[in-house]
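Both ligands and their constituent atoms are indexed starting at 1 by order of listing. Any value given below was found using the heavy atoms of this structure, including those in side chains, with hydrogens, waters and symmetry copies removed.
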Amino acid sequence: MTSSTTETVAVPATSTKLAAGQKHRVLSGMQPSADSLHLGNYIGALVNWVRMQDEYDAIFFIPDLHAITVPQDPAELAQRTRVTAAQYIAGGVDVDKCTLFVQSQVPEHAQLAWVLNCITGFGEASRMTQFKDKAQKQGTDQASVGLFTYPILQAADILLYQPHGVPVGEDQRQHVELSRDLANRFNSRFGETFQVPEAFIQKESAKIYDLQNPTAKMSKSAESPAGLINLLDDPKTTAKRIKSAVTDTETEIRFDREAKPGISNLLTIYSTISGQPVEKIVADYEGKMYGHLKVDLAELVTNHLAPIRERAHELLADPAELDRLLAHGADKARGIAAATLADVYAKVGFLPYGGAR
Ligand code: TYM
């Protein structure tokens with residue numbers, strides 16, 4: 001893939017001064033709430049992370065604490081956490097270059113979240129749109145308090161590591177904004193403690209839409225799986241879903257997000273996976289039918305995903321080794337997280353364990 005089509009983030013807006021050899025830090029995560037990541041997670045997040053790991057001090061984690069804000073089957077959650085880790089690595093996250101860990105293995109996340117809960121206004125938390133959407137779907141009696149405070153836990157995830165940037169999709173912007181507000185609030189109340197992070201929002205070109213409902217983003221919570229391309233699905237399923245993607249009644253292949261969302265989505269996928277600009281693809285398919293594009297795209301995507309799927313299955317065949325890699329990542333993460341938490345605890349006035357420091 002070329003960077004011209006997949007380049008989705010900018011250099012930090014407020015370039016913090018760095019010591020020689022030091023890199024800007026970025027941090028991000030994807031929930032382990034499905035049996036596979038989907039193509040939106042892959043193109044919108046993972047591809048970008050892999051690109052960033054050379055240039056940045058990168059921290060990637062699996063937010064399993066976030067996953068239990070809605071009911072989860074325990075055995076399934078454990079498996080999905082490993083499956084998510086395996087896909088990060090199979091997709092190109094290199095554990096020797098960055099830090100990869102599971103959120104629940106670093107207790108400082110929950111500990112800092114409590115402190116941040118106590119400086120967040122109830123009204124402020126109530127304005128988080130993802131909670132409002134989900135609570136509306138589930139009904140407020142069904143929605144958990146964990147779901148309500150979810151963005152505050154996300155702020156803790158971020159602030160613990162003092163990152164400069166948080167690479168995420170537009171849907172996560174409000175959550176990163178909250179973490180900025182909380183960092184500023186804590187800093188002004190208790191003294192300089194947190195780096196105020198920038199949201200590195202992926203470009204629109206990295207947003208992938210549902211194949212059956214191409215005005216809604218591809219999402220694991222979609223009503224029907226037919227609109228999803230999962231990284232770990234067998235190639236036949238993937239090809240079938242691409243070939244059945246909803247398009248319009250015209251025949252012309254051109255990019256027009258408003259008038260032709262289905263074809264535009266397929267062109268975006270084609271462009272990011274092949275590394276070719278959309279204009280070239282449109283020129284190549286001039287005079288051809290939608291069916292031609294779909295058949296070629298199905299082949300392109302299944303060929304691209306095959307080695308990722310294979311590598312993920314290899315990693316999952318040795319769960320002890322995967323768990324060892326994750327434990328190593330958690331140890332590295334704790335080194336950073338514990339220092340931030342100790343500073344926060346001292347600043348809010350918690351007695352030092354075992355006497356004065
Ligand atoms: P999650 O798991 O919903 O999504 C993970 C990442 O994938 C992006 N994404 C997409 N990009 C393009 N097209 C799509 N259709 C698409 N669907 C999802 C999301 O924008 C996101 O970047 N709350 C977070 C997880 C989290 C987190 C954090 C992220 C917890 N703590 C701290 C960053 C920092 C979430 O639910 O992402």
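Taking distance alone, with nitrogen or oxygen atoms compared against 3.5 Å, Met218 approaches ligand 1 more closely than that limit. In terms of polar-atom proximity, Gly40 is counted as a contact of ligand 1, with an N or O under 3.5 Å from an N or O of the ligand. Not a single N or O atom of Leu27, backbone or side chain, sits closer than 3.5 Å to an N or O atom of ligand 1.
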Q: Take Ser104 and Asp64, measure what side-chain hydrogen bond (donor to acceptor under 3.5 Å, both in side chains) needs, and give me the verdict at the end.
A: CA-CA 6 Å; Ser104 61; Asp64 55 345; 2.5 Å; yes
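The list of side-chain hydrogen bond (donor to acceptor under 3.5 Å, both in side chains) pairs with a residue in residues 291-301, not counting sequence neighbours, reads Tyr285-Asp296.
Among all protein heavy atoms, the one lying closest to atom 24 (C) of ligand 1 is Gln172 OE1, 3.3 Å. Remark: minimum distance from atom 27 (C) of ligand 1 to any protein heavy atom is reached at Gln154 NE2, 3.5 Å. The shortest contact between atom 31 (N) of ligand 1 and any protein heavy atom is with Asp157 OD2, 2.6 Å. Counting protein heavy atoms only, atom 22 (O) of ligand 1 is closest to Gly169 N, 3.2 Å. Ranking protein heavy atoms by distance to atom 1 (P) of ligand 1, first place goes to Lys220 NZ, 4.1 Å. Of all protein heavy atoms, the one closest to atom 8 (C) of ligand 1 is Asn41 ND2, 4.2 Å.
Annotation for ligand 1: atoms under 4.0 Å from non-hydrogen atoms of Gly44 are 11 (N), 12 (C). For ligand 1 and Val166, the ligand atoms under 4.0 Å from any heavy atom of the residue are 33 (C), 34 (C). Counting atoms of ligand 1 from 1 in the listed order, those under 4.0 Å from a heavy atom of Lys207 are 12 (C), 13 (N). In summary, the atoms of ligand 1 found under 4.0 Å from a heavy atom of Phe61, numbered by their order in the structure, are 28 (C), 31 (N), 32 (C). For ligand 1, the atoms sitting less than 4.0 Å from at least one non-hydrogen atom of Gln202 are 11 (N), 12 (C), numbered in the order shown with element in parentheses. Of all atoms in ligand 1, numbered sequentially from 1 with element shown, those under 4.0 Å from a heavy atom of Gln31 are 2 (O), 36 (O). The Ser28 neighbourhood of ligand 1 comprises atoms 33 (C), with distances under 4.0 Å to a heavy atom of that residue.
Only the side chain of Asp171 comes within 4.0 Å of ligand 1, judged by heavy-atom distances. Contacts between His66 and ligand 1, counted as non-hydrogen atom pairs separated by less than 4.0 Å, involve the side chain only. By the criterion of a heavy-atom distance under 4.0 Å, the side chain of Tyr150, and not its backbone, is placed next to ligand 1. Contacts between Ile158 and ligand 1, counted as non-hydrogen atom pairs separated by less than 4.0 Å, involve the side chain only. Of all the heavy atoms of Tyr161, none lies under 4.0 Å from any atom of ligand 1, so neither backbone nor side chain is involved. The residue Ser33 has no part lying near ligand 1, judged by heavy-atom distances below 4.0 Å. In Glu170, neither the side chain nor the backbone holds a heavy atom less than 4.0 Å from any atom of ligand 1.
Side-chain atoms of Asn230 never come within 3.5 Å of backbone atoms of Asp233 as a donor-acceptor pair (strictly under, hydrogens ignored).
Ligand 1 lies nowhere less than 4.0 angstrom from a heavy atom belonging to Ser219. In this structure, Tyr209 falls outside the shell of residues with a heavy atom less than 4.0 angstrom from ligand 1.
By the 6.0 Å and 45° rule, Lys97 does not stack over the aromatic ring of Tyr56.
For the pairing with His66, the side-chain hydrogen bond (donor to acceptor under 3.5 Å, both in side chains) check across His109, Gln31, Gln103 returns one residue only, Gln103.
Within the 6.0 Å centre-distance limit, the rings of Tyr150 and His175 are counted as a close aromatic pair. Under the 6.0 Å cut-off for aromatic ring centres, Phe101 and His328 do not qualify, their centroids lying 6.0 Å or more apart.
Residues passing the ring pair (Phe, Tyr, Trp, His ring centres under 6.0 Å) test with Tyr290: none are found, sequence neighbours excluded.
Between Glu55 and Arg51 there is no salt bridge, since none of the side-chain N atoms of the basic residue sits less than 4.0 Å from a carboxylate O of the acidic one.
Of all the heavy atoms in Phe148 and Ala125, the pair that sits closest is CZ-CB, 3.6 Å.
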